[in-house]
Amino acid sequence: MSTITEFAPAKINLTLHVLGKRPDGYHLLESLVVFAGTGDTLTVEAADDLSFHVTGPNAAALADTPDADNLVLKAARLLGAARLSDTGRGRCAKITLDKRLPVAAGIGGGSADCAAAMRALNTLWDLGHDAATLGALGLELGADVPVCVQAPRPCVMSGIGEKIARAPSMPDLWCVLVNPGVPVATGPVFKALNAQPTTAESDTFWPGGFTDAKAAARFMRTCRNDLEPPARNLVSEVGETVRAIAATKDCLMARMSGSGATCFGLYADEDAATRAATALRREGWWVEAAHILS
Ligand SMILES: C[C@](O)(CO)[C@H](O)COP(=O)(O)OP(=O)(O)OC[C@H]1O[C@@H](n2ccc(N)nc2=O)[C@H](O)[C@@H]1O
Ligand SMILES: Nc1ncnc2c1ncn2[C@@H]1O[C@H](COP(=O)(O)OP(=O)(O)OP(=O)(O)O)[C@@H](O)[C@H]1O
């Protein structure tokens, strides 16, 4: 098999409770994570050296990212690729990324690409790692990489992001993702939370499943995204975005994802999500209606 293509779906934190902080400063959290049917696409193919090419509507957002910080190349190097300058030694591949997700957006764009590269190169180079091993390896590249490695399976993520547990069975759900065009670095949002170093005990009783979209949204509304208040203080557009989504017809709930600034609305069907996306489109906003994958 010489060409392998992997979808890198957008990661959505339907809930995100921060339960404490480790001595190293990383936060302990518990989050119901799902994936949307919109994302990047990564292709790897056998080649005589290691190369990376990016295309797509958000390719320019990566133009200033040095190779050393490129999460796709970091994944390749982690799995034993040759350095870009070494032709022929180490494992090689031509890697192409179709970049559609906004960067530093709270929907795991870089982590999703990193995880997709790990899955694709694991196959191309016949490394034989299972998802749990790839996730454990990927944790050093980002706290969202383990959950993205096992995408598109919904899960309850905990620890700093390394623990992946079964999610409640999800109903058919649609979403609208809205990014107001303001990149948000994850670290400062966690820092602004000013969490106290405490132990991490789950504060959520997870049901076995949800009978329908309205029941799922009812449950989500009893939970929180603890990063939303500090993100709202740092980026005023977050509050405006959540309010605009919540005002759309048939919206079941609206919330920020991850550390922002992307916010999401949940809907029971495709028509409602598509109508909402149309109503939300404006200059400078990235807006996508998508199915929640399961
Ligand atoms: C907010 C989430 O996206 C929710 O899924 C993740 O927890 C963050 O995942 P991520 O963007 O891959 O985060 P990383 O790139 O690993 O970490 C960026 C910075 O966020 C902070 N960070 C991240 C994860 C975590 N559990 N606690 C933290 O305090 C740390 O300061 C870290 O230096
Ligand atoms: N393939 C990539 N896609 C996006 N960002 C990348 C990529 N490679 C490296 N980066 C860098 O990673 C940083 C942001 O990563 P990412 O897009 O995962 O943040 P995010 O979408 O906010 O994710 P999260 O939901 O974890 O906050 C940016 O500074 C960007 O330069």
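Here, residue 1 is the first one in the sequence, and each next residue gets the next number. Just follow the structure's listing: the first ligand is 1, and inside any ligand the first atom is 1. All heavy atoms count here, side chains included; hydrogens, waters and symmetry mates do not.
When each atom of ligand 2 is checked for a heavy atom of Asp144 under 4.0 Å away, the hits are 24 (P), 25 (O), 26 (O). Every atom of ligand 1 is numbered from 1 in the order shown, and the set under 4.0 Å from a heavy atom of Gly25 is 29 (O). Shown in contact with Leu29 at under 4.0 Å from a heavy atom are these atoms of ligand 1, numbered in order with element: 7 (O), 26 (N). Close approach of ligand 1 to Leu16 is summarised as follows: ligand atoms under 4.0 Å from at least one heavy atom of the residue are 4 (C).
For the pair Asn13 (side chain) and Thr15 (backbone), a donor-acceptor distance under 3.5 Å is absent. Distance alone, capped at 3.5 Å, places no donor-acceptor pair between the Arg275 side chain and the Lys249 backbone. Using a distance-only test at 3.5 Å, with no hydrogens or angles considered, no donor-acceptor pair links the side chain of Thr262 to the main chain of Gly106.
Atom 28 (C) of ligand 2 has its nearest heavy-atom neighbour, among Ile107, Leu97, Val103, Asn70, in Val103. Between Asn58, Val72, Leu71, it is Leu71 that holds the heavy atom closest to atom 11 (C) of ligand 2. Within the set Val147, Thr65, Leu62, the minimum heavy-atom distance to atom 6 (C) of ligand 2 is found for Leu62. Of the candidates Ala75, Ala143, Gly110, Pro183, it is Gly110 that places a heavy atom closest to atom 15 (O) of ligand 2.
Of all heavy-atom pairs between Val18 and Leu227, the closest is CG2-CD2, 4.2 Å. Here the shortest heavy-atom pairing between Ile245 and Thr248 reads O-OG1, 2.6 Å. Nearest heavy-atom pair, Asp40 versus Gly109, reported as atom, atom and distance to 0.1 Å: OD2-O, 4.1 Å. Listed here is the closest heavy atom pair of Glu288 and Thr38: OE1-OG1, 2.9 Å.
At least one side-chain heavy atom of Trp125 sits less than 4.5 Å from a side-chain heavy atom of Leu79. Residues Lys99 and Leu62 form a side-chain contact, since some pair of their non-hydrogen atoms from C-beta on lies under 4.5 Å apart. In this structure, Leu32 and Trp206 have side chains that are in contact, with non-hydrogen atoms separated by less than 4.5 Å.
Counting heavy atoms closer than 4.0 Å to ligand 2, residue Asp69 contributes backbone atoms (N, CA, C, O) but none from C-beta onward. Looking at Met157 against ligand 1, only its side chain comes within 4.0 Å, counting heavy atoms. The side chain of Asn13, and not its backbone, has at least one atom closer than 4.0 Å to an atom of ligand 1 (non-hydrogen atoms only; side chain from C-beta on). Of all the heavy atoms of Val145, none lies under 4.0 Å from any atom of ligand 1, so neither backbone nor side chain is involved. At a 4.0 Å heavy-atom cut-off, ligand 1 does not touch Lys21 at all. By the criterion of a heavy-atom distance under 4.0 Å, neither the backbone nor the side chain of Val33 is placed next to ligand 1. At a 4.0 Å heavy-atom cut-off, ligand 2 touches Ser111 through backbone and side chain alike.
A side chain to side chain contact (heavy atoms under 4.5 Å, CB included) with Ile160 holds for exactly one of Leu29, Leu139, Asp144; it is Leu139.
Nearest protein heavy-atom contact of atom 33 (O) of ligand 1 is Tyr26 OH, 3.7 Å. The nearest heavy-atom contact from the protein to atom 20 (O) of ligand 1 is Thr186 CG2, 3.5 Å. Looking from atom 25 (O) of ligand 2 to the surrounding protein, the closest heavy atom is Gly108 N, 2.8 Å. Residue, atom and distance of the protein heavy atom nearest to atom 21 (C) of ligand 1 are Phe190 CD1, 3.5 Å. The protein non-hydrogen atom at the shortest distance from atom 31 (O) of ligand 1 is Gly187 CA, 3.9 Å. Closest to atom 14 (P) of ligand 1 among all protein heavy atoms lies Ala143 N, 3.9 Å. Of the protein's non-hydrogen atoms, Asp144 OD2, 2.5 Å is the one closest to atom 3 (O) of ligand 1. Nearest non-hydrogen protein atom to atom 1 (N) of ligand 2 is Asp113 OD2, 2.9 Å. With respect to atom 27 (N) of ligand 1, the closest heavy atom belonging to the protein is His27 N, 2.9 Å. With respect to atom 15 (O) of ligand 1, the closest heavy atom belonging to the protein is Gly142 CA, 4.5 Å.
At least one heavy atom of Lys99 sits less than 4.0 Å from an atom of ligand 2. Contact between Gly161 and ligand 1 is absent, with no heavy atom of the residue lying under 4.0 Å from the ligand. Look at Gly258 and you'll find every heavy atom at least 4.0 Å from all atoms of ligand 2.
There is no protein heavy atom closer than 4.0 angstrom to atom 13 (C) of ligand 2.
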**Report entry** Test side-chain hydrogen bond (donor to acceptor under 3.5 Å, both in side chains) applied to Ser202 and Glu30, step by step
**Finding:** CA-CA 7 Å; Ser202 171; Glu30 187 174 60; 2.7 Å; yes
Requested in this report: Apply side-chain contact (heavy atoms from CB on, under 4.5 Å) to the pair Arg255 and Leu14, showing each step before the final yes or no.
Outcome: CA-CA 8 Å; Arg255 183 169 283 163; Leu14 296 182; 5.7 Å; no
Requested in this report: Report the C-alpha distance between Val72 and Leu42 in whole Å, list the side-chain angles of each, state the deciding distance to 0.1 Å, and finish with yes or no for side-chain contact (heavy atoms from CB on, under 4.5 Å).
Outcome: CA-CA 9 Å; Val72 169; Leu42 185 124; 3.8 Å; yes
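Between Ile160 and ligand 1, at least one pair of N/O atoms sits closer than 3.5 Å. Close N/O approach between Ser259 and ligand 1 is not found [any backbone or side-chain N/O within under 3.5 Å].
Grouping the Ile, Leu, Val, Met, Phe, Trp and Tyr side chains by contacts below 4.5 angstrom, directly or via other members, places Phe190 with Val184.
A salt bridge links Glu228 with Arg232; the closest basic N to acidic carboxylate O contact falls under 4.0 Å. Under a 4.0 Å N-O distance rule, the pair Lys214/Asp212 does not qualify as a salt bridge.
Looking at Asp203 and His17, their side chains do bring a donor and an acceptor atom within 3.5 Å of each other.
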